[in-house]
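Everything below concerns the one structure shown next.
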Amino acid sequence: MKEDHAILQGNWETQCRAHVEIIQPGLYDELEAQARVELSISGDRNKPLVARFVAEALVQSGHVPQFVKDILDEVRKKLPTTPDTNGVFG
């Protein structure tokens with residue numbers, strides 16, 4: 001994490017898989033397989049859709065990878081703490 005950017009190890013799937021394996025071994029593969037069945041996706045197609053399914057499933061189950069929390073913390077630091085005169089933040 002840097003002040004204005006984050007660098008993932010590999011790509012989203014690689015980074016997410018590594019962190020999810022710490023939470024629960026095999027969970028990422030299980031969620032990816034579930035996504036492919038529920039969304040009728042075969043092979044290595046529609047990776048963004050599968051990644052979104054996995055991310056949503058993780059959030060719903062309360063498993064947010066640490067690297068995502070770290071990125072969110074940095075983004076929150078950049079947000080204003082008080083609204084402008086129109087009540088709008090940022």
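- Linking Ile, Leu, Val, Met, Phe, Trp and Tyr residues whenever their side-chain heavy atoms come within less than 4.5 Å leaves Leu31 and Ile23 in two separate clusters.
- Defined by atom type and a distance below 3.5 Å, a donor-acceptor pair is missing between the side-chain atoms of Gln15 and Asn11.
- Tracing side-chain contacts under 4.5 Å through hydrophobic residues (I, L, V, M, F, W, Y), one reaches Phe67 starting from Val64; they form part of the same cluster.
- Between Leu27 and Leu58 the shortest side-chain heavy-atom distance falls below 4.5 Å.
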* **Worked verdict on His63 versus Val20 for side-chain contact (heavy atoms from CB on, under 4.5 Å)** => CA-CA 8 Å; His63 297 303; Val20 171; over 6 Å; no

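- Linking Ile, Leu, Val, Met, Phe, Trp and Tyr whenever their side-chain heavy atoms come within less than 4.5 Å leaves Val50 and Trp12 in two separate clusters.
- In the hydrophobic clustering of this structure, Leu72 groups with Val59; members are Ile, Leu, Val, Met, Phe, Trp, Tyr whose side-chain heavy atoms approach within less than 4.5 Å, directly or through other members.
- Dense packing is recorded around CD of Glu38, with more than 12 heavy atoms of other residues, nucleotides or ligands lying under 6.0 Å away.
- A donor-acceptor contact shorter than 3.5 Å is absent between the side chain of Gln66 and the backbone of His19.
- Separating the OG1 atom in Thr14 from the CD atom in Gln9 is a distance of 9.0 Å, to the nearest 0.5 Å.
- Comment: Glu56 engages Arg52 in a salt bridge, judged by a side-chain N to carboxylate O separation of less than 4.0 angstrom.
- Considering CD of Glu32 and SG of Cys16, their distance stands at 10.0 Å, rounded to 0.5 Å.
- Atom OH of Tyr28 and atom CD1 of Ile22 lie 14.5 Å apart (nearest 0.5 Å).
- Among Leu49, Asn46, Asp44, the one residue that satisfies the side chain to side chain contact (heavy atoms under 4.5 Å, CB included) test with Arg36 is Asp44.
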